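This report refers to the structure that appears directly beneath it.
Count residues from 1 along the sequence. Quantities reported herein were computed from a predicted structural model and do not represent experimental measurements. For ligands, and for the atoms within them, numbers begin at 1 and follow the listed sequence.
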Amino acid sequence: MEAASLSGSSLCSYNYRVSRSIPRRGYIASEGLNGVDKPSPKPLMISSSESNTQNHGVLKGSNLSIGPVQKRNLNSQTNCAVGVCTFPESVAESHYSHAAEEKLGVLLLNLGGPETLNDVQPFLYNLFADPDIIRLPRLLRFLQQPLAKLISVLRAPKSKEGYAAIGGGSPLRKITDEQADALRMALEAKNVRANVYVGMRYWFPFTEEAIEQIKRDRITKLVVLPLYPQFSISTTGSSIRVLQRIFKEDAYLSRLPVSVILSWYERQGYIRSMADLIEKELGKFAKPEEVMIFFSAHGVPVSYVEDAGDPYKDQMEDCIYLIMQELKARGIGNDHTLAYQSRVGPVQWLKPYTDEVLVEIGQKGVKSLLAVPISFVSEHIETLEEIDMEYKDLALESGIENWGRVPALGCNSLFITDLADAVVEALPSAKALSTSTDNAEETEYDPLSYVVKIFFGSILAFFLLLTPRVVLAFRNGLF
Ligand SMILES: C=CC1=C(C)c2cc3[nH]c(cc4nc(cc5[nH]c(cc1n2)c(C)c5CCC(=O)O)C(CCC(=O)O)=C4C)c(C)c3C=C
Ligand SMILES: [Fe+2]
């Protein structure tokens, strides 16, 4: 465990805590489609310094630092593996800790999704305007918004088709609300009263709205729980960056004791509930032992992992190792593989790609396949449309005869109870960002420079989109 405070304003820094850890394993898939031993990954060190663009610059301009995750305690009997991100030990305890009545809040963070087809383009705009989704070099940052506008307009028709095919909108809000309710009840069953809030990154209810409600409710302690089992710069990282911005600008929030759970894929409850779902779906095949278990994770660009130090790939492989170990302990030793889906744009994404591997294994003679979406805990467009429709068709065309798909965890009771445990375990490490109000910062907004930026940025972005690589990506349907 390592705490670090960063250059620039030291309003906040985070510790990355792993309360129970296992030694790093090589990733070995049986009967090796992916069957290569992976070397031990370098220790995770995510720091953020405005001046440092090369060095693991995950959350630049923020004060987040996440120290090594690979410190693993073999002897630990506990089953919890929560990366808990708190404000530093060194800051004085906030007065909230001594408040007569503690009012606990849990903030669930998620991506959000368009609820109607009219929402699709503005939703895509919000997504592509996120500097953690399209990572431009500092000097080109002024292009972010015009690029987002152009890409969202160009991608919207394709995305709309996908959302139309799943009923005209994303189910994410409804499912996340149900998970919030279930978590509140699971906490209550443990005698922990808490308000559970939902904050989405790219659509309603936005994180900002949830925070406003938290303020109105005068919450005195907050646990932040992103609904992504594995950490990625593009998901949890991005959501935390938003929180940091909001918190450091607000006197009340900067004093509120907060604990952020960064990743939780190692938790036994999660691993067991995934193994339960897999076991159940395998049982639906005529010959369960012959089924290939096909984990399909949402991809990220390779540069996130190789240049920015995103732990996503390592955590994904570790997660799959743990699930397969759990299945093995139950006497289930099926072949398995991992591939990455949903790539967007002209850059290299994590390989192997789901569509390519499906064709490959179909041609190699695999007849039965169980698809397991692994990077998300709700049904969404990429399970309901991409996997259930596109990949299923592709698999059947490639020679696979028996297809199955594991549902997302949703409100699975073992899973929700385990999330409740994660919240309880995170409570003692809640710390305030700051005890003084003089840190509150106002961001300056200059309308003239904004208009100038948008105008010239749009022209530049337009020419950028005409480069051969980008044109080719559009032609190949990658946008
Ligand atoms: C762990 C999960 C996710 C990662 C990592 C992730 C990275 C990532 N995504 C895009 C681009 C798009 N994502 C879109 C939808 C979407 N993404 C996730 C999860 C992860 N994304 C989910 C759950 C959803 C679906 C939301 C819903 O409405 O159901 C979309 C929009 C849909 C589409 O047009 O395909 C885009 C675009 C990038 C570029 C990225 C990493 C850099
Ligand atoms: Fe995505």
Side-chain angles (χ1 to χ4, degrees), residues 58 109-117 119-136 144 147-148 150-176 179 200-204 226-239 262-265 295-305 307-308 310-316 319 340-350 354 373-390 408-410 473 477-479:
V58 174
L109 297 177
N110 211 336
L111 190 119
E115 285 167 71
T116 68
L117 294 185
D119 298 340
V120 171
Q121 185 273 323
F123 159 78
L124 289 175
Y125 171 82
N126 291 340
L127 187 125
F128 291 120
D130 177 359
D132 288 313
I133 286 285
I134 296 189
R135 300 178 75 245
L136 294 173
Q144 191 91 38
L147 256 181
L150 270 168
I151 298 174
S152 64
V153 168
L154 291 167
R155 187 179 170 89
K158 185 182 170 198
S159 284
K160 275 186 186 176
E161 272 178 33
Y163 284 107
I166 62 164
S170 170
L172 259 184
R173 182 178 190 163
K174 182 173 170 284
I175 298 170
T176 313
Q179 288 171 324
M200 300 293 195
R201 180 66 183 86
Y202 306 117
W203 205 246
F204 298 97
L227 283 176
Y228 308 99
Q230 307 86 11
F231 180 97
S232 167
I233 297 167
S234 58
T235 53
T236 301
S238 166
S239 294
L262 287 175
S263 71
W264 39 269
Y265 71 91
F295 293 95
S296 188
H298 197 302
V300 294
V302 169
S303 62
Y304 280 53
V305 174
D307 306 335
D310 196 336
Y312 181 71
K313 181 171 182 280
D314 285 339
Q315 292 195 358
M316 191 58 72
C319 175
Y340 293 92
Q341 66 176 80
S342 317
R343 61 190 189 275
V344 185
V347 297
Q348 284 264 340
W349 282 56
L350 289 183
T354 296
I374 190 68
S375 31
F376 217 61
V377 291
S378 319
E379 296 298 344
H380 60 288
I381 188 169
E382 283 142 7
T383 55
L384 300 170
E385 198 272 333
E386 204 169 353
I387 297 184
D388 288 354
M389 300 179 191
E390 291 181 39
L409 282 165
L478 286 174
F479 270 117

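With ligand atoms numbered from 1 in the order given, ligand 1 contributes 5 (C) to contacts under 4.0 Å with heavy atoms of Val300. Per-residue contacts place Gly113 under 4.0 angstrom from the following atoms of ligand 1 (heavy atoms of the residue considered): 28 (O). Ligand 1 places these atoms under 4.0 Å from at least one heavy atom of Pro114: 28 (O). Within ligand 1, the atoms closer than 4.0 Å to a non-hydrogen atom of Pro301 are 41 (C), 42 (C), numbered from 1 in the order shown. Less than 4.0 angstrom separates some heavy atom of His380 from each of these atoms of ligand 1: 22 (C), 23 (C), 24 (C), 25 (C), 29 (O). Those atoms of ligand 1 that come under 4.0 Å of a heavy atom in Phe128, given as number and element, are 37 (C).
Geometric assessment of Arg135 against the ring of Tyr304 yields a positive cation-pi assignment under the 6.0 Å and 45° thresholds.
Residue Gly345 places every heavy atom at 4.0 Å or more from ligand 1. Residue contacts with ligand 1: Phe123 is included, with a non-hydrogen atom under 4.0 Å away.
Residue, atom and distance of the protein heavy atom nearest to atom 34 (O) of ligand 1 are Ser159 OG, 2.3 Å. Looking from atom 14 (C) of ligand 1 to the surrounding protein, the closest heavy atom is Glu382 OE2, 3.6 Å. Protein heavy atom at the shortest distance from atom 11 (C) of ligand 1 is Leu127 CD2, 3.6 Å. Nearest to atom 32 (C) of ligand 1 among the protein's heavy atoms is Tyr163 OH, 3.7 Å. At the shortest separation from atom 33 (C) of ligand 1 among protein heavy atoms lies Arg155 NH2, 3.3 Å.
The aromatic rings of His298 and Trp349 are tilted relative to each other, their planes meeting at an angle between 30° and 60°. Between Phe123 and Tyr202, the ring planes lie perpendicular to each other; the angle is over 60°, past the 30° to 60° tilted range.
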*asked:* Show, in sequence, the C-alpha distance, side-chain angles and deciding distance for Asp132 and Ser234, and conclude whether the side chain to side chain donor-acceptor pair (under 3.5 Å) test is met.
replied: CA-CA 5 Å; Asp132 288 313; Ser234 58; over 6 Å; no
*Can Ser378 and Gln179 be said to form a side chain to side chain contact (heavy atoms under 4.5 Å, CB included), step by step?*
CA-CA 9 Å; Ser378 319; Gln179 288 171 324; 3.7 Å; yes
*Could you walk me through whether Leu350 and Tyr312 pass side chain to side chain contact (heavy atoms under 4.5 Å, CB included), step by step?*
CA-CA 10 Å; Leu350 289 183; Tyr312 181 71; 4.1 Å; yes
*May I have the step-by-step check of side chain to side chain contact (heavy atoms under 4.5 Å, CB included) for Leu172 and Phe376, ending in yes or no?*
CA-CA 11 Å; Leu172 259 184; Phe376 217 61; 3.5 Å; yes
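Only side-chain heavy atoms of Leu124 come within less than 4.0 Å of ligand 1; its backbone N, CA, C and O stay farther off. With a heavy-atom cut-off of 4.0 Å, Ser234 touches ligand 1 through its side chain alone. Contacts of Ala297 with ligand 1, taken as heavy-atom pairs under 4.0 Å, are absent altogether. Contacts with ligand 1 closer than 4.0 Å are made by heavy atoms of both the backbone and the side chain of Ile381. Under 4.0 angstrom from ligand 1, the non-hydrogen atoms of Ile133 come from both its backbone and its side chain.
Here the closest heavy-atom approach between residue Ser238 and residue Arg201 is recorded as OG-NE, 2.7 Å. Contact detail for Ser159 and Val120: the closest heavy-atom pair is CB-CG1, 3.6 Å.
Listed by chain and residue number, the protein N/O/S atoms under 2.8 Å of the Fe ion (ligand 2) are His298 NE2, with waters left out.
Under the 4.5 Å side-chain criterion, counting only non-hydrogen atoms from C-beta, Met316 is in contact with Tyr340. In this structure the side chain of Phe128 reaches within 4.5 angstrom of the side chain of Val344, judged on heavy atoms.
For atom 20 (C) of ligand 1, the choice among Glu161, Arg173, His298 with the nearest heavy atom turns out to be His298. For atom 40 (C) of ligand 1, the choice among Phe376, Trp349, Tyr304 with the nearest heavy atom turns out to be Trp349.
Gln121 places no side-chain N or O within donor-acceptor distance of the main-chain N or O of Lys160, the cut-off being under 3.5 Å. Judged by distance alone, the side chain of Ser152 and the main-chain N or O of Ala148 form a donor-acceptor pair under 3.5 Å. The closest donor-acceptor contact from the side chain of Asp130 to the backbone of Leu127 lies at 3.5 Å or more, if one exists at all.
Side chains of Gln341 and Ser296: a donor on one and an acceptor on the other come within 3.5 Å.
Here the rule is side-chain contact (heavy atoms from CB on, under 4.5 Å) with Leu227, and of Leu109, Leu111, Thr236, Val377 only Val377 fits it.
For Ser170, a nitrogen or oxygen atom sits less than 3.5 Å from a nitrogen or oxygen atom of ligand 1, counting backbone and side chain alike.
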